[in-house]
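Not measured: the values here are computed from a predicted model.
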Amino acid sequence: NISGAAVNASMQALKGNGGRVLLFTANPCLIGYGSSKVRDEKVLDKAETLTQAFIPQHNQFQDLAEEYSEVRIAVDLFVIG
């Protein structure tokens with residue numbers, strides 16, 4: 001799945017005019033730009049470590065969101081997985 005690279009490349013295409021990007025994917029990005037490792041299901045079973053599942057693994061998408069905001073590009077990600 002190259003969804004991270006596709007979102008990153010969309011800025012180059014829309015940078016001059018702004019616009020909207022819609023991305024529908026059935027798998028999370030596991031390789032390349034914006035990739036995240038699969039969370040351990042054992043962590044999700046324990047109530048005291050449940051909050052660990054909601055902590056971002058990296059800030060690449062946060063940085064990308066700030067750049068997109070500056071050039072007036074909206075991104076909608078629909079990840080089902």
Return the [atom1] to [atom2] distance between [X] and [Y], rounded to the nearest 0.5 Å.
X: Arg72; Y: Lys15; atom1: CZ; atom2: NZ; result: 13.0 Å
X: Leu23; Y: Leu77; atom1: CG; atom2: CG; result: 5.5 Å
X: Tyr68; Y: Asn8; atom1: OH; atom2: CG; result: 6.0 Å
X: Ser10; Y: Leu22; atom1: OG; atom2: CG; result: 10.5 Å
X: Ile73; Y: Glu67; atom1: CD1; atom2: CD; result: 10.0 Å

Could you work out, with side-chain hydrogen bond (donor to acceptor under 3.5 Å, both in side chains) as the rule, every residue matching Arg20, not counting sequence neighbours?
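For Arg20 the side-chain hydrogen bond (donor to acceptor under 3.5 Å, both in side chains) partners, ignoring immediate neighbours, are Asp76.
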
Side chains of Val71 and Leu14: does their closest heavy-atom pair fall under 4.5 Å?
no

